[in-house]
Structures are given as C-alpha cells and as structure tokens.
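Heads up, the thing below is written out as structure tokens.
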Amino acid sequence: MRMKDMVRRTGVHERLLRYYEQQGLLAPERLPSGYREYSEADVETVRRIRCLLTAGLSTTTIAQVLPCIRADGERLAPACPSLVGQLQGERQRISTEIEALRASRAMLDTVLAAAPRFADTVNFPEPLDDARS
DNA sequence: GTTCTTACA
DNA sequence: TGTAAGGA
C-alpha cells in the first residue's frame, strides 16, 4: 500500500512515517516511481514502534529490537545478549514509572474524593482561542 | 493528483 | 511542526 493508505491504517502522520524510516525503524519497498510501498508487516511494525515509544524507549533502542521480533512477534530471535540486558533495564525503568503513575493517580483520587461536585459549583472561564498550546 | 526530497523558521 | 518549493 502507498503512503496515503498507510497513514489511514496506522493513524500515524505521513511525516512521522518518514521519520521512522529515517531512524531505521521501517524499510518499505520502493516503487520504480520512488513511492514507498508498505506491507502488512509494516503496519504491525508501526504498532510496535508506537507501543515502545510510548513506553519511553528511544528510537535507536527500538531500531535494535525490531529486527529481533520481526518473525512471529512472540519471542526474541537468537540474537544479541547485549540486547537482553538492555531490555531488562528498560523493563525496570517502566516498572518504576508505573509505580510513579500509581502514586499520582492515588493522589488525585484522594483530592477528588475530598472535593466532590466542585465542578458543579464553580464557574471556570472559557479557554481563549489563542490560549491553547 | 499523489508522493518524493529538501529545507527554513 | 507547519509549510513551501520544485520534481517525477
């Protein structure tokens, strides 16, 4: 499929798809015209990329990981032991972040429980059109 | 009409 | 990131 369909399938902007490719995360075929030709596997790859980026992994790390799970997506290819250590580190970092998020949620829960129905009694100003970031 | 690269602010 | 130029 070409760029337009790939954007539709993944929900990822055209420019970002090119960026992923630039970072070595994607390698779509090229038509004689120079147009990119994406495969179904590429759609899945983008899904993984988004997942890992959200989790805070760098594009360089992801570029190392992707080729190792490209086969069935279930396990690490008989590749690099250095990668295992790296990924265990990432996993640990994610666990720490999860705990921080839990604490944040708990804090908000506490505050919200102590201030019921505030939104019903307080008039918040309408956001200005040019005040959005 | 679609997509390509490059590039500037 | 938004946008534009200039090709294919």
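Naming: A, B, ... by sequence-line order, numbering from 1 per chain. Values below: all heavy atoms of this structure, side chains included; hydrogens, waters and symmetry mates excluded.
At a cut-off of 3.5 Å, with distance as the only test, a side-chain donor of Gln86(A) or Thr61(A) sits close to an acceptor on the other residue.
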**Request:** Give the intermediate values and the outcome of salt bridge (charged side-chain N to carboxylate O under 4.0 Å, His left out) for residues Glu21(A) and Arg36(A).
**Result:** CA-CA 10 Å; Glu21(A) 184 175 342; Arg36(A) 273 162 264 252; 2.8 Å; yes
**Request:** Map every base of DNA chain C to its dot-bracket character, where paired means a Watson-Crick or G-U wobble contact with both distances under 3.5 Å and | marks a partner outside the strand.
**Result:** ||||||.|
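Looking only at side-chain heavy atoms (C-beta outward), Arg50(A) and Tyr20(A) come within less than 4.5 Å of each other. Side-chain contact between Asp42(A) and Thr10(A) is absent, with no heavy atoms from C-beta onward closer than 4.5 Å. With contacts defined as side-chain heavy-atom distances shorter than 4.5 Å, the pair Ile98(A)/Arg102(A) qualifies. Between Ile62(A) and Leu53(A), some side-chain heavy-atom pair lies under the 4.5 Å cut-off.
There is no path of hydrophobic side-chain contacts, each under 4.5 Å, that joins Met6(A) to Tyr35(A).
Of the possible polar contacts, one joining the Glu37(A) side chain to the Met1(A) backbone as a donor-acceptor pair under 3.5 Å is found.
Considering all non-hydrogen atoms of both residues, Ala63(A) and Gly24(A) come closest at CB-O, 4.1 Å. Nearest heavy-atom pair across Val46(A) and Leu26(A) is CG2-CD1, 3.7 Å.
Where DNA chain B meets chain A (any atom under 4.0 Å from a heavy atom), the bounding nucleotides read 5' to 3' are dG1(B) to dA7(B).
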Atom pairs, N/O to N/O, protein against nucleotides 6-8 of chain C, distance under 3.5 Å?
none

